[in-house]
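Only this structure's heavy atoms are used, side chains among them; waters, hydrogens and symmetry mates stay out.
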Amino acid sequence: MAMEGYKAAELEPKWQAFWQENGFYKAERDPAQKKYYVLEMFPYPSGKLHMGHMRVYSIGDVLARFLRMRGFNVIHPMGWDAFGLPAENAAKQHGADPGEWTAANVKLMKEQMNALGLSYDWAREVATCSPEYYRWNQWLFLLFYKNGLAYKKKSPVNWCPSCQTVLANEQVVDGGCWRCGSEVSWKELEQWFLKITDYAERLLEDLSLLEGWPEKVKIMQENWIGRSQGTDIVFTVKETGDRLEVFTTRPDTLFGVTYMVLAPEHPLLPKLIAGTPQEQKIRDFVQQIRRESEMTRTSADAEKIGLFTGASAVNPVNGEEIPILVGNYVLMSYGTGAVMGVPAHDQRDFLFATEYELPVRVVVNPPGEDLTTSPLQEAYEGTGTMVNSGEFDGLPNEEGQRAITDWLIQRGCGGYRVRYRLRDWLISRQRYWGTPIPIVYCPQCGPVAVPEEKLPVLLPKGIDLTGTKQSPLLESEDFIKTRCPQCGREARRETDTMDTFFCSSWYYLRYADPLQDELPFDKKEVDYWLPVDQYIGGIEHAVLHLLYSRFFTKFLLDQGLVKIKEPFQRLLAQGMVYKDGAKMSKSLGNVVNPDEIIARYGADTGRLFILFAAPPERDLDWNEQGVEGCYRFLRRVWRLFQQNMVLFSGEAGEDGDPPAMPPLRRVEEELQRAQHYALKKVTVDIEERFNFNTAISAIMELVNAVYSYFNETGEDERKRFAPFLREVFRSIVLLLAPFAPHITEELWQRCGYKESVHRQRWPVYEEKYLQSDEMEIVIQVNGKVRGKMLVPVDSPEGELLAAVYQHERIRPYLEGKEVVKTIVVPGKLANVVVR
RNA sequence: GCCGAAGUGGCGGAACCGGCAGACGCACUUGACUCAAAAUCAAGCGGAGCUCGCUCCAUGUGGGUUCGAGUCCCACCUUCGGCACCA
């Protein structure tokens, strides 16, 4: 009889339809059950899944399926990060409606996801571009606004000339736009910001709660927040009497200050230079700096330029007068926009002072050295003893930091200060395809929030996106013209839309209650399902999306809308997918699409390979032959079952009644050990280590073990041990089920089981089957392996050593030597040290 | 420059607590089946030496700790990632 071959193309759609029709992956709140929230970062609906998607979603699906089998009430939702620039560009290029274009893409990608056999609860699907969703963006924006956390201000902002919109700091990568790479320039614009800086300390502190996050991501966030503890010091401008504040982390070097530098944008600057001979020169300089992009201006190798203003500042600690300069390297956006120059103890200042022939004064001596006697060759940035510092001389400089700051506090000219590198989050975008910011400008009342019951402010349709106005919404008179919600007079709407990261900062909460139309989500649902227990996504969001989401969660906690401090309990940052060592890209022509893989081998093979080729957090190289290998493995499993279906039929027990199975022999016991070893290994690898690659290899080993068992035994033995072999076969299917859901469902059904394999409990290993009465131990002499032997498991050390000394391979090494020491590691090895 | 991660066969990768380095897979070689091929099954597969049983060498480099180091410590090299005038 010809054996039926493995036909993925037939069985995969069959089972996908079956799961769908039977609502297999619907999740319901059930306080009696322990929940588990598995979430993968939702995609932008570009129209096509790529390998990176296939990888994240495969990882998430294995976890979701595994955890269901472990008995958790698993929520595994999916949706669409559907606002954004590509839809708008498609509209410009092909005249498509962004909404229709997006909807068509969503449909395509959803089909692809289903073809991969991903176990999503589609009843919870959300699309951020639907009014039912973005309405709550607006609602949340107003909540921020009412709490003083959303504000508008005019400031120099990052501008991407190609995307024609502003960018948040987090979205500027190496001086270029995160999306298109174009060099980012400056623009002075009135823009909406969210006050994420109010949460800087908590965002930093609570990183310690995130035990399940990769250290790397936490460090990146820590650096981004950039907390720095220091002192604010008030100098006085001699000529005008103005206060001039600086921030420093080295107040101990205050006596070493020999000049001061202001940022070109410093508000005091025009006053300082007014009417001086150098006024015009400095104005030109400032103009020139402002035209430069942030990239040029802040790149580390840009030349440091300083110009003397002619004014001088008075050092509060010693009344000394020092020159005030203006410099291109001082940033208005950090600290106070003014820095004190201490050339002796800061290498940057040292180089600058040398260039401009400013004095260098040592105020900290390294232990056992005196730097004051000869000219410095470089700055001394280390610790030491204070000198040239009046009453503070002789103090260790760390103490001096406190002493000087306290001294300043007493005289009202300074104090301790913590500063952050983090800036407020700029959320305005001059784009069409985004959430309209729900604000109305009234000539009488100023900016007014759109009342809650008037939400959503709908995005108008039929806008000419090829227009040249600052923002596409300015093209629509119908949209702009409105009435003031307060006084009813004619007013105009805000035309900026929100950064799409706003949408993705809370979508994981909406999944808990996706149809809710009274609130963004019902607290009851969110309190049950949240936090996300396992979040999976790309490392590229280490700062952006993950920081914003943490910020939202903390704000919502303060507002009493959620009761969690952190949204994502555990985070898995998966690596990238490469092909032949290079990034997959159209220009290289090395793109492999999930579609092709599904068509050629089936989803199960594709999933298996992408999980087998590398551990999830590492980069993965796509290799066609590796895919073949996984395909071969699945066919091998298929054949194994097809050839042994008799085990599952009545024929196994010839007489009809269940035959008494004879006691297992050594060969069966070994197979049983392999079985339970795999049960243990796969469980631990998925649950504790996310090492799907080694989990899969353990299943392969078990299959290999079955093959070799069959090689060593005959037909009748298989029949005799059928009940045992059935258990082994069941284990294989169950272990493989999360990875290859279709083939396992088919095999399970063919074995005669009625209920789905995905509704089974995860098999549990038994320690007793892992043990053997004999073990092979390694014998070493002086730490080198010299032999092996089989010993009873719990043979006492003495007996074991006696056997070692008698061992024919070992004896030659011991002859004429003195045994100095012996080491016995139970179950592993015996080492004899001789001299 | 600062912070972080990683360097293991021809390749992807194992080795979890310091205990047989190279699991599993790919590629390759050989045998069986076949008219032949594919598929499949079986066997081999880090390097060198040789009396074919072993011996020596081998986890980026150089040191160290230890009976024993891919694993721990010190220094260095290389690659990748993040930050980068942050006062």
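Annotated as syn: B:C17, whose glycosidic dihedral is within 90° of 0.
Among the heavy atoms of the strands lying under 4.0 Å from A:K681 is at least one base atom, whether or not backbone atoms are also near. Within the nucleic acid shown, A:E776 comes within 4.0 Å of at least one base atom, counting heavy atoms only.
In this structure a side-chain-to-backbone donor-acceptor pair under 3.5 Å is present from A:R550 to A:L203. Between the side chain of A:Q221 and the backbone N or O of A:A542 there is at least one donor-acceptor pair closer than 3.5 Å.
Candidate nucleotides B:C56, B:A87, B:A15 were compared by shortest atom distance to the side chain of A:R786, and B:C56 ranks first. Checked against B:A14, B:C26, B:A87, the side chain of A:P615 finds its nearest nucleotide in B:A14. The side chain of A:V339 has B:A87 as its nearest neighbour among B:G25, B:A87, B:G68. Checking B:A87, B:G68, B:A23 against the side-chain heavy atoms of A:T694 singles out B:A23 as nearest. The nucleotide whose nearest atom lies closest to any side-chain atom of A:S697 is, among B:A39, B:A23, B:G19, B:A23. Which of B:C24, B:C56, B:G13 sits closest to the side chain of A:N693 comes down to B:G13. For A:V778, the listed nucleotide lying nearest its side chain is B:C20; candidates were B:C20, B:C41, B:C67. Relative to the side chain of A:R639, the nucleotides B:C26, B:C67, B:C41 differ in distance, and B:C41 lies closest.
Toward the 5' end of RNA chain B, the nearer of the two residues A:E701 and A:D685, judged by each one's closest nucleotide, is A:D685. Mapping A:K784 and A:V832 onto RNA chain B by nearest heavy atom places A:K784 closer to the 5' end of the strand.
Minimum heavy-atom separation, A:L702 to A:I732: CD2-CG1, 3.7 Å. Scanning all heavy atoms of the two residues, the minimum distance from A:E170 to A:L422 falls at OE2-CD1, 4.0 Å.
A close approach under 4.0 Å does occur between a side-chain nitrogen or oxygen of A:N704 and OP1 or OP2 of B:G25. Taking 4.0 angstrom as the limit, A:R618 places none of its side-chain polar atoms (N or O) nearer than this to OP1 or OP2 of B:G12. Checking the phosphate oxygens (OP1, OP2) of B:A84, no side-chain nitrogen or oxygen of A:Y334 falls inside 4.0 Å.
In this entry B:G46 has B:C57 as its Watson-Crick or G-U wobble partner, both defining distances falling under 3.5 Å. When both pairing distances are held under 3.5 Å, B:C80 makes a Watson-Crick or G-U pair with B:G4.
A salt bridge does not link A:R227 with A:E222: none of the charged nitrogens is closer than 4.0 Å to a carboxylate oxygen.
The base of B:G19 lies close enough to the side chain of A:Q780 for a donor and an acceptor atom to sit less than 3.5 Å apart. You won't find any donor-acceptor pair under 3.5 Å spanning the side chain of A:K821 and the base of B:C67, going by distance alone.
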